[in-house]
Enquirer: 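Below is the structure I would like to discuss, written out as structure tokens.
Bear in mind that the values here come from a model prediction, so they are computed numbers and not experimental data. Quick note on labels: first sequence line is chain A, next is B, and so on, each numbered from 1. Only this structure's heavy atoms are used, side chains among them; waters, hydrogens and symmetry mates stay out.
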There are 2 protein chains.
Amino acid sequence: MPAKRDEPKQQPGAGCPVRGVLDRIGDQWSLLTLAALEEGKKRFNELLREIGDISKQMLSKTLKHLEQDGFIRRTVYPEVPPRVEYELTEMGRSFLVPMKALIGWADRNHAAIKSARQRYETV
Amino acid sequence: MPAKRDEPKQQPGAGCPVRGVLDRIGDQWSLLTLAALEEGKKRFNELLREIGDISKQMLSKTLKHLEQDGFIRRTVYPEVPPRVEYELTEMGRSFLVPMKALIGWADRNHAAIKSARQRYETV
DNA sequence: GCGATCTAGTCTAAAAAAGAGACTATGGAG
DNA sequence: CTCCATAGTCTCTTTTTTAGACTAGATCGC
């Protein structure tokens with residue numbers, strides 16, 4: 001067993017390495033992009049259409065970050081018009097597991113959240 | 001087993017109700033704030049110090065949203081100096097389950113992500 | 001042949017969001 | 001009497017995001 005470093009609890013402090021990961025996946029579009037890639041490889045415009053309300057610039061940036069962090073793989077086909085395909089790496093796929101747990105929770109609870117919002121409004 | 005509603009697949013499209021939830025929890029600070037509240041009720045400045053690099057304005061906004069959506073409860077004590085405490089609701093606590101799965105994944109994989117980033121830089 | 005169209009992005013200018021720091025009222029410590 | 005602490009909000013500045021124009025070269029209609 002590897003020596004566990006003195007890390008008594010999950011501290012949300014700024015130094016924590018988990019923070020670096022959380023900041024990335026919690027950037028509004030990353031989760032959506034990864035979810036869209038669950039079904040298989042997709043092209044840039046395909047992702048753009050599927051996600052719907054993301055701008056090309058943000059999609060571009062998000063994909064770049066995800067590639068950088070090893071979640072997805074980018075393949076360029078030297079054709080005209082250009083073709084670029086994005087797909088999940090092994091790590092990206094492994095991330096789907098907790099992500100889907102989160103989505104499942106959201107799915108089960110969005111009604112409760114909606115009613116909480118309405119309740120709040122009327123006050 | 002409850003009747004499954006006709007939901008052929010998780011579409012990440014803009015209309016999906018899950019999106020509303022995801023947009024909220026994926027706003028950079030919500031996850032951190034909820035994580036900080038895991039240990040019990042906390043005061044405003046206490047959260048501010050613990051999270052560290054959040055501004056008071058963003059913490060205020062995040063807390064307001066989380067309260068609005070029923071994740072947390074806000075209690076004001078009419079004292080001077082003012083005292084306000086935040087704590088997770090039942091729903092908020094139930095959210096910790098998938099959130100911790102996510103944090104666990106991040107914890108297991110942050111090394112791989114870091115090395116992917118470095119590999120990318122050198123190219 | 002000739003222009004329109006498709007692709008994956010990038011660039012720019014304008015709009016929105018976030019950050020830093022001052023400010024509020026009140027009571028207690030020194 | 002002066003300074004600190006509390007939970008925010010307000011304003012001003014800086015950063016981020018958006019919308020839309022632009023690129024190159026093959027292919028389509030005509």
Enquirer: Rounded to whole Å, please give me the gap between CG in A/Asp27 and C1' in D/dT15.
Expert: 15 Å
Enquirer: Quick one: closest heavy-atom pair of A/Thr89 and A/Gly70, and the distance?
Expert: OG1-O, 2.7 Å
Enquirer: Verify the contact: side-chain N or O of B/Ser60 to OP1 or OP2 of D/dA7, cut-off strictly under 4.0 Å; return yes or no.
Expert: no
Enquirer: For residues B/Val76 and B/Leu48: do they belong to one hydrophobic cluster (side chain heavy atoms under 4.5 Å, members Ile, Leu, Val, Met, Phe, Trp, Tyr)?
Expert: yes
Enquirer: Between P on D/dT18 and CD1 on A/Ile54, what's the gap in Å once rounded to a whole number?
Expert: 7 Å
Enquirer: Assuming nearest nucleotide by heavy-atom distance, tell me which of A/Glu85 and A/Gln57 is located more 5' along DNA chain C.
Expert: A/Glu85
Enquirer: Under 3.5 Å, side chain of B/His110 to main-chain N/O of B/Asp107, donor-acceptor pair present?
Expert: yes
Enquirer: What's the NZ-C1' distance between B/Lys61 and D/dA7, to the nearest Å?
Expert: 18 Å
Enquirer: Base, sugar-phosphate, or nothing: which does B/Tyr86 touch, judged by heavy atoms less than 4.0 Å apart?
Expert: sugar-phosphate
Enquirer: Write down the distance between CG (B/Asp53) and P (C/dA20), rounded to a whole number of angstrom.
Expert: 9 Å
Enquirer: Taking OP1 and OP2 of C/dA8, is either one under 4.0 Å from a side-chain nitrogen or oxygen of A/Arg83?
Expert: no
Enquirer: Looking at the side chain of A/Lys64, which of D/dT18, C/dA8, C/dT10 is the nearest nucleotide?
Expert: C/dT10
Enquirer: Looking at CD of A/Gln28 and CZ of B/Arg24, how far apart are the two atoms once the value is rounded to the nearest 0.5 Å?
Expert: 10.0 Å
Enquirer: Would you indicate which nucleotide in C/dG27, C/dG9, D/dA26 comes nearest to any side-chain atom of A/Lys56?
Expert: C/dG9
Enquirer: Can you measure B/Met58 atom CE to D/dA7 atom P for me and round it to whole angstrom units?
Expert: 19 Å
Enquirer: Choose from C/dG19, C/dC6, D/dG8 the nucleotide whose nearest atom is closest to any side-chain atom of A/Pro81.
Expert: C/dC6
Enquirer: Among C/dG19, C/dG9, D/dT18, which nucleotide has an atom closest to any side-chain atom of B/Ser55?
Expert: C/dG19
Enquirer: What's the OH-C1' distance between A/Tyr77 and D/dA24, to the nearest Å?
Expert: 21 Å
Enquirer: To the nearest Å, how far apart are A/Glu67 CD and C/dA8 P?
Expert: 15 Å
Enquirer: Of the listed nucleotides (C/dT10, D/dA19, D/dA7), which one gets closest to any side-chain atom of B/Phe44?
Expert: D/dA7
Enquirer: For A/Ile51 and D/dT18, give me the distance from atom CD1 to atom P, rounded to whole Å.
Expert: 12 Å
Enquirer: Check the phosphate of C/dA8 against A/Arg43, side-chain N and O only, distance under 4.0 Å to OP1 or OP2. Yes or no?
Expert: yes
Enquirer: Name the residue from A/Leu59, A/Leu37, A/Thr75 that meets the side-chain contact (heavy atoms from CB on, under 4.5 Å) definition with A/Tyr86.
Expert: A/Leu37
